S.K.: 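For reference, the structure I am asking about is given below.
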Amino acid sequence: MIGGELVEGVGTFQKIDPVDGAVIAEVHEAGPREVDRAVAAARAALEGPWGRMPVAERARLLRRVADLVERRSEELVAAEVGDTGKPETLARDLDVARAAANFRAFADTASAAGLDSYLTELPDGRRALNYAVRAPLGVVAVIVPWNLPLLLLTWKLAPALASGNTVVIKPSEETPSSATLLAQIISEAGIPDGVVNVVHGFGPGSAGEHLTTHPGIDGVTFTGESSTGSAIMRAVAPRVRPVSFELGGKNAAVVFADADLDAAIAGLARSTYLNTGQVCLCTERIYVERPIFDEVAVGLAEHARRLRLGRPENPATTTGPLISAAHREKVLSYYDLALSEGAELLAGGGVPTLGDGLDGGSWIEPTLWTGLDNSHRTVREEIFGPAAVVMPFDTEDEAIALANDTEYGLAAVTWTSDLTRGHRVAQRMRVGMSWVNTWYLRDLRSPFGGVGLSGIGREGGMHSLDFYTEPTNVCVQL
């Protein structure tokens, strides 16, 4: 959608249903001309009424978008499920619910935001008033992944719009549907045409590359693979455009012997297998204090075997397929690698036979290994599937060193009944987000992001507004 209109592209590509392998849509791919048109529409909208609109009015419109997201929630659920194959309950309770919450949260944040002001005393007795004002960053490229497409799109789009920017969205080629539907909802809410534009396509040589190298783009926000983030940095470097990246992770959990084991095992099962392991925050490395190692390993393996794979509309389904056949091949290559490295398989490890017309889909078994350590590739490289390695440790310092022994730095979890130790260990983790006795519990005002290969910058609350605005200091001699 460009400037409020649905347009054809340079060609089409097929969207495959990961549940059964059927073709569910033909998607128009944007070429250079369509990207030019989208950027021009965004620039015109920025220079029009939207760019001069008071914050209170933008916030009102964002709350209207949230209301419409809730009103049309079942349409959005259907779009998310068709694209990703995830259970309907997950799409409804996580993705769509968070989409509405994101718009309301950033409407509130923008409405309450302020900046520094200083009364400056000069040596000669004069005074000056220094105060800062915010201006929109400009036309922002918003590039989002396929794992939580609606949630992560609105996490970026809501603060960008609250700050007065206009955007060109490039969804993943695997998940085109909810972004297109959301653009229509935004138009229905009364946000002017051209403020939100959507172009579909791939990365190199397609819409992604055309967008990130476009001279009319003032900034890029991206969530996805670390290697793609590196490519985007190279693309924007000649024009020195700002970037905000939330990238990959090889996240660790540390379980101490004094932890509530039932809660820890249930929490580990959620942090390892939610959304078929396709969450950047998911746990792939689990370090367990030696006295409870066997109990945790056995308990987590039992949880993995109890997960129910099946059709997304079945309320009993807990786990959907991977996003695509190509991604399944990648994850299966790590299943093979783990065994070649000497892993002991505790659960899963292959492709299930489900019947019911599902065996053409991208299904995979939730998997757990032991018998590996930090020297193995399986423990060092991001898999992004429903799999983890459980490993023993003996001391607190050893556990922290093992957890921090990675090029990534997105998230970590500590399980312990000693809250003094919980605080101490959580603060020593080299990550952007460190949980104690929980996982994925979020306050949307708090900083979200990673270090190392896990990203640049922070999102959430004022941290998002800091990226999407340019502050100007005004100095007035009194």
Side-chain angles (χ1 to χ4, degrees), residues 1-39 41 72 74-86 88 91 95-96 99 141-154 157 167-188 193-194 196-212 214 224 228 278 311-313 320-330 357-363:
M1 177 176 282
I2 298 173
E5 298 179 0
L6 295 173
V7 301
E8 296 184 352
V10 294
T12 61
F13 59 93
Q14 294 181 332
K15 167 55 195 166
I16 305 298
D17 187 343
V19 171
D20 57 15
V23 177
I24 60 173
E26 294 282 340
V27 184
H28 284 268
E29 179 183 3
R33 180 180 300 177
E34 289 73 35
V35 171
D36 281 344
R37 183 175 169 185
V39 173
R72 301 181 64 176
E74 290 309 303
E75 295 174 70
L76 288 164
V77 167
E80 288 289 272
V81 169
D83 277 350
T84 66
K86 66 180 61 179
E88 286 186 358
D95 300 78
V96 177
V142 177
I143 304 175
V144 289
W146 44 256
N147 58 324
L148 301 169
L150 181 64
L151 188 160
L152 292 174
L153 170 56
T154 56
L157 181 60
V167 301
V168 181
I169 300 164
K170 210 294 281 183
S172 168
E173 63 273 14
E174 301 287 358
T175 52
S177 303
S178 56
T180 302
L181 179 55
L182 181 63
Q184 296 169 356
I185 290 172
I186 286 170
S187 179
E188 182 183 345
D193 291 342
V196 175
N197 307 274
V198 181
V199 294
H200 294 293
F202 304 88
S206 185
E209 182 177 352
H210 303 325
L211 185 58
T212 55
H214 198 286
T228 305
Q278 299 170 124
R311 290 196 173 276
E313 64 271 17
L322 293 173
I323 189 64
S324 67
H327 187 56
R328 183 172 70 172
E329 289 306 306
K330 176 201 168 185
L358 300 178
D359 292 330
S362 301
W363 299 92

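Remember, it's a predicted structure, so these values are computed and weren't measured experimentally.
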S.K.: Would you find more than 12 non-hydrogen atoms of other residues, nucleotides or ligands less than 6.0 Å from Glu26 atom CD?
M.R.: yes
S.K.: Hey, could you give me the CD/CD distance between Glu88 and Glu80, rounded to the nearest 0.5 Å?
M.R.: 12.0 Å
S.K.: Check Val27 against Pro176 and note the closest heavy-atom contact, atom names and distance.
M.R.: CG2-CG, 3.7 Å
S.K.: How about Lys86 and Gln278: do any of their side-chain heavy atoms sit closer than 4.5 Å?
M.R.: no
S.K.: Less than 4.5 Å apart, any side-chain heavy atom of Arg37 and any of Glu5?
M.R.: yes
S.K.: Could you pull out the closest heavy-atom pair between Thr175 and Pro145, with the gap in Å?
M.R.: OG1-O, 3.9 Å
S.K.: Any side-chain heavy atom of Ile16 within less than 4.5 Å of one from Val23?
M.R.: yes
S.K.: Pick one: which of Ser177, Ser178, Ser172 meets side-chain hydrogen bond (donor to acceptor under 3.5 Å, both in side chains) with Asp83?
M.R.: Ser177
S.K.: So do Val168 and Ile2 actually touch side chain to side chain, heavy atoms under 4.5 Å?
M.R.: no
S.K.: For Gly203, does its backbone N or O pair with a side-chain atom of Ser206 as donor and acceptor, under 3.5 Å?
M.R.: no
S.K.: Taking C-beta and beyond as the side chain, do Ser187 and Asp193 meet within less than 4.5 Å on heavy atoms?
M.R.: yes
S.K.: Nearest 0.5 Å, please: how far is CD in Glu173 from CH2 in Trp146?
M.R.: 10.5 Å
S.K.: With a 4.5 Å cut-off on side-chain heavy atoms, are Pro171 and Leu153 touching?
M.R.: no
S.K.: Under the criterion side chain to side chain contact (heavy atoms under 4.5 Å, CB included), I'd like the reasoning laid out for Thr180 against His200: C-alpha separation, chi angles, the key distance, then a yes or no.
M.R.: CA-CA 9 Å; Thr180 302; His200 294 293; 2.9 Å; yes
S.K.: Only one of Val81, Asp95, Leu150 clears side-chain contact (heavy atoms from CB on, under 4.5 Å) with Leu76; which?
M.R.: Leu150
S.K.: Identify the heavy atoms of Ala325 and Ser362 that sit nearest to each other, and give their distance.
M.R.: N-OG, 3.0 Å
S.K.: Once rounded to the nearest 0.5 Å, what's the spacing between atom CE of Met1 and atom CG of Leu181?
M.R.: 9.5 Å
S.K.: CD of Glu188 to CD1 of Ile185: how many Å apart, nearest 0.5 Å?
M.R.: 7.0 Å
S.K.: Please find the pair of heavy atoms, one from Ala207 and one from Lys170, that lie closest to each other, and give the distance.
M.R.: CB-CG, 4.0 Å
S.K.: Side chains of Val144 and Leu157: does their closest heavy-atom pair fall under 4.5 Å?
M.R.: no
S.K.: Closest approach of His210 and Gly31, non-hydrogen atoms and distance?
M.R.: CD2-C, 3.7 Å
S.K.: For His28 and Gly9, which heavy atoms make the closest approach, and how far apart are they?
M.R.: ND1-N, 3.2 Å
S.K.: For Glu174 and His327, run side chain to side chain contact (heavy atoms under 4.5 Å, CB included): C-alpha distance rounded to whole Å, both residues' side-chain angles, the deciding distance at 0.1 Å, then the answer.
M.R.: CA-CA 11 Å; Glu174 301 287 358; His327 187 56; over 6 Å; no
S.K.: Taking the side chain as C-beta and beyond, is there a heavy-atom pair between Leu152 and Asn147 under 4.5 Å?
M.R.: yes
S.K.: Could you point out which residue of Val19, Leu148, Ile323 forms a side-chain contact (heavy atoms from CB on, under 4.5 Å) with Thr84?
M.R.: Ile323
